[in-house]
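Encoded as structure tokens, the structure appears first; notes follow it.
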There are 2 protein chains.
Amino acid sequence: MRMQPRRRVSIRDIADAAGVSLTTVSHALNGKGRVQPETRARIFALAAELGYSANPHAQRLATGRHMMLAVQISGFGGKALATDSAYFVDVLNSVSAAALDHGYTAVLAAPDMRPRDIDAFAVDGAIVVDPTGEEPLLTTLAQRGAPVVTTGRVLGAGQTSGWVDNDLRKAATRVLDHFGDAGYERPAILTGPLTRSYAADTVETYERWARERGIEPISVAVRSGMSAAAAMRAAEALLSRRDRPDAVYAMLDVLALATAHVARRRGLSVPGDLGIAAAFDSEVLRWADPPLTAFDLHPARIGREAVALLTAVLADPTRAGRSVTVPAKLISRASTARSG
Amino acid sequence: MRMQPRRRVSIRDIADAAGVSLTTVSHALNGKGRVQPETRARIFALAAELGYSANPHAQRLATGRHMMLAVQISGFGGKALATDSAYFVDVLNSVSAAALDHGYTAVLAAPDMRPRDIDAFAVDGAIVVDPTGEEPLLTTLAQRGAPVVTTGRVLGAGQTSGWVDNDLRKAATRVLDHFGDAGYERPAILTGPLTRSYAADTVETYERWARERGIEPISVAVRSGMSAAAAMRAAEALLSRRDRPDAVYAMLDVLALATAHVARRRGLSVPGDLGIAAAFDSEVLRWADPPLTAFDLHPARIGREAVALLTAVLADPTRAGRSVTVPAKLISRASTARSG
DNA sequence: ATGAAAGCGCTAACAT
DNA sequence: ATGTTAGCGCTTTCAT
């Protein structure tokens, strides 16, 4: 049993053991090519044997690159979005894993972080999930010229370096068709604040869809502060109209649940009197009674793509401005299973 | 409008501007006390004016301390726990914020990370949420002597530096009393794998409680892989017994929901025929029909306490081994509102 | 193909 | 109270 070295083994130790210089070890380890194959092999063997691993801070200091990126789940009013957030945990974990794969470390940024703390993070760029565009992390980094990739787009003037998103327009069309196939004739939509691109995309698509059919669009948006009470009020407003919709596409799981709740209270059967679908799937919806139709947005894939995009821009700034679309898969459940 | 400096302003710039040495600036900024008040004031003013902020990597390299900590949400089988995870997002965000307050940066570790990636993280310690004790992050760091604080305890031989937890034993007693007050006479418990301390604590408390009353304990545990199907099977098993319980305390929200689901299918009314309570609250439970009684575990507080504990141990290793208990508050809802 | 040496920005003995 | 100086562990130009 070998003694545990008190000091971490450094590049110096390997150089000594191999009888070469620091430069050679560094080159060999970083694949700079300027090293003879056998020397390189010897160095790698030694590194493995001695249990070497580079001191990231020394590398970062020498190269001037942080090799770290921040991830932030945007919130409603500084608080984390109050809903089923398995989606967010999946995104976060996949970002962490993907970051490692690219040689980066993912640091977590709380939604209410202050701009002055950004320097302490020492990140090269950031990923912001479901941004409004107002997040201090996003604006501060953007203004410094550091790349920010978002999951969901920032509406309006784009100051980000790219985005990855599901095609929410296609999803809206898909769900409206799905409603139509099941015989629903007056679908409505229920959204959160329109500051999020998923809501804006859906509203736009829905309104065009309605216009094309000469149907009066019915939509309610919870303008700010997504709470259970606000969700209930919105659902109530929707279902108490004289031209009550016979189907509702809700942007958030809480909105879908609120709709189901209000429907039940009003004696409307789901899916008989009212069809309900949600824009993203969650455990809550699977467990509702009846289970609610929703889209699988593939959160892990979204996280991975966001990291790929960000690291690509970091490696080559000319690649900024790209986007990636991840498919959304409709999971049809009982809440829309009315025979057409 | 001043020109944006191409290079970040360093301690050197401040020293030059103030006409003092690097040491003095460093001392002043770090509050080493060895500086005249007026000099210090001048240095701070200059630092603010020039927009100085320390290069964390240089500090870390010089001090040998990473000033970073890892956070990990333990999973079931390498995947994130499939349930309402607003709880986890709250813990994560509070850990991030608290870490900053203590001068640390929180880096995110995916539950399926490989041990070899731990060096790349370069953290001084870690916080693991709901550990089994088998997490590579935990075992690897512990074996290196790096402190690990857990949220929920590791069962068995403790190799961690402290833990913060809700008092799940007290909570179990509380909910059993609550059931009793409402007139329920044969409460049962439904748990996930007993590798988590919250489950073990609850089982132990419940069994003692039953023993003391000469009641035959009724409990079902989902041994591994928490899925919707597994939860349903467990609930089914519980409610199909000839000595069917009249109340169920479920450790996870999915288990509570599954119980409500099965009850409904079997024509059992909640809370009339069956009382249901869950160990931790979530949006899902608020929206269930009827809404389910549960405990508020104060996730943000748990995250903050975990960081406080970890940084305390980091600052002074003799403080290892402490623990903090965060209260759990019973939120009584319709699912247990049977008149006793 | 390999080595010497400077430097990344900061801290911390050790002077003075 | 303030300054000098030697690192921290690595990368990288420039020699050889």
Side-chain angles (χ1 to χ4, degrees), chain A residues 5-44 46-47 50-68 103 105 119-124 315, chain B residues 5-44 46-47 50-68 103 105 119-124 315:
Chain A
R6 64 170 346 74
R7 193 174 52 77
R8 260 179 78 152
V9 3
S10 83
I11 209 177
R12 168 93 264 161
D13 301 316
I14 300 186
D16 290 350
V20 298
S21 74
L22 291 183
T23 316
T24 303
V25 176
S26 178
H27 282 349
L29 258 23
N30 297 324
K32 297 286 183 186
R34 316 145 63 73
V35 176
Q36 216 156 16
E38 39 197 61
T39 313
R40 163 188 305 262
R42 195 152 40 94
I43 288 173
F44 268 92
L46 243 19
L50 301 179
Y52 169 79
S53 82
N55 178 324
H57 304 308
Q59 287 182 309
R60 303 200 248 235
L61 181 57
T63 59
R65 305 186 55 197
H66 298 307
M67 299 310 281
M68 302 210 283
T105 297
D119 286 321
F121 274 160
V123 295
D124 297 309
Chain B
R6 63 169 349 67
R7 192 174 50 78
R8 261 179 75 154
V9 3
S10 82
I11 209 178
R12 168 92 264 163
D13 301 315
I14 300 188
D16 290 349
V20 297
S21 76
L22 291 184
T23 316
T24 303
V25 177
S26 178
H27 282 350
L29 259 23
N30 296 325
K32 295 288 182 187
R34 317 145 61 73
V35 176
Q36 215 156 15
E38 38 196 63
T39 314
R40 163 188 306 262
R42 195 151 43 93
I43 289 174
F44 268 90
L46 242 19
L50 300 179
Y52 169 79
S53 83
N55 179 324
H57 304 307
Q59 288 181 308
R60 291 164 175 158
L61 182 56
T63 59
R65 305 185 55 194
H66 298 307
M67 298 309 281
M68 302 211 283
T105 297
D119 287 320
F121 275 158
V123 295
D124 297 308

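Residue numbers begin at 1 in each chain, while the letters A, B, ... track the order of the sequences. Nothing here was measured: the structure is a model prediction, and the numbers come from that model.
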Query - Intermediate values then yes/no, side-chain contact (heavy atoms from CB on, under 4.5 Å), A:R60 and B:R60 - result: CA-CA 10 Å; A:R60 303 200 248 235; B:R60 291 164 175 158; 5.6 Å; no
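- The CZ atom of B:R12 sits 14 Å away from the C1' atom of C:dC8 (whole-angstrom rounding).
- Between B:G19 and B:A58, the residue anchored nearer the 5' end of DNA chain D, judged by the nucleotide with its closest heavy atom, is B:G19.
- Taking the six-membered ring where the residue is Trp, B:H57 and A:H66 present tilted rings, their angle falling between 30° and 60°.
- Take the nearest nucleotide of DNA chain D for B:L61 and for B:P37: the residue whose nucleotide is more 5' is B:P37.
- The interatomic distance linking B:R65 (CZ) with C:dG9 (P) rounds to 23 Å, in whole Å.
- In this structure, NE2 of A:H66 is placed 16 Å from P of C:dC8, rounded to the nearest angstrom.
- In this structure, A:T24 reaches the C:dG3 phosphate: one of its side-chain N or O atoms is under 4.0 Å from OP1 or OP2.
- Put simply, CG on A:D13 is 11 Å from P on D:dC8, counting in whole angstrom units.
- The distance between atom CD of B:Q59 and atom P of D:dG9, rounded to the nearest whole Å, is 17 Å.
- Taking 4.0 angstrom as the limit, A:T39 places a side-chain polar atom (N or O) nearer than this to OP1 or OP2 of C:dT2.
- If you measure from atom CG of B:D16 to atom C1' of C:dG9, you get 14 Å, rounded to the nearest angstrom.
- By the 4.5 Å heavy-atom criterion applied to side chains, B:T105 and B:M67 are not counted as neighbours.
- For A:S21 and A:T24, the side-chain atoms include at least one donor-acceptor pair closer than 3.5 Å.
- Side-chain proximity of A:T23 to C:dC10, D:dC10, C:dA4: nearest is C:dA4.
- Residue B:L22 contributes atom CG, which lies 12 Å from atom C1' of D:dT2 at whole-angstrom precision.
- A:S26 comes within contact range of at least one nucleobase, with a heavy-atom separation under 4.0 Å.
- Remark: side-chain polar atoms of A:D13 are paired, donor with acceptor, to backbone N or O of A:S10 under 3.5 angstrom.
- Of the candidates C:dT11, D:dT4, C:dT2, C:dT11 carries the atom nearest the B:I11 side chain, counting heavy atoms from C-beta on.
- Which of D:dC10, C:dT11, C:dG9 sits closest to the side chain of A:A62 comes down to D:dC10.
- Separating the NE2 atom of A:H57 from the C1' atom of C:dT11 is a distance of 15 Å, rounded to the nearest angstrom.
- When distances run from any side-chain atom of A:H27 to the nucleotides D:dG3, D:dT12, C:dC8, the shortest one goes to D:dT12.
- Distance from the side chain of B:N55 is smallest for C:dC10 among the nucleotides C:dC10, C:dA12, D:dT13.
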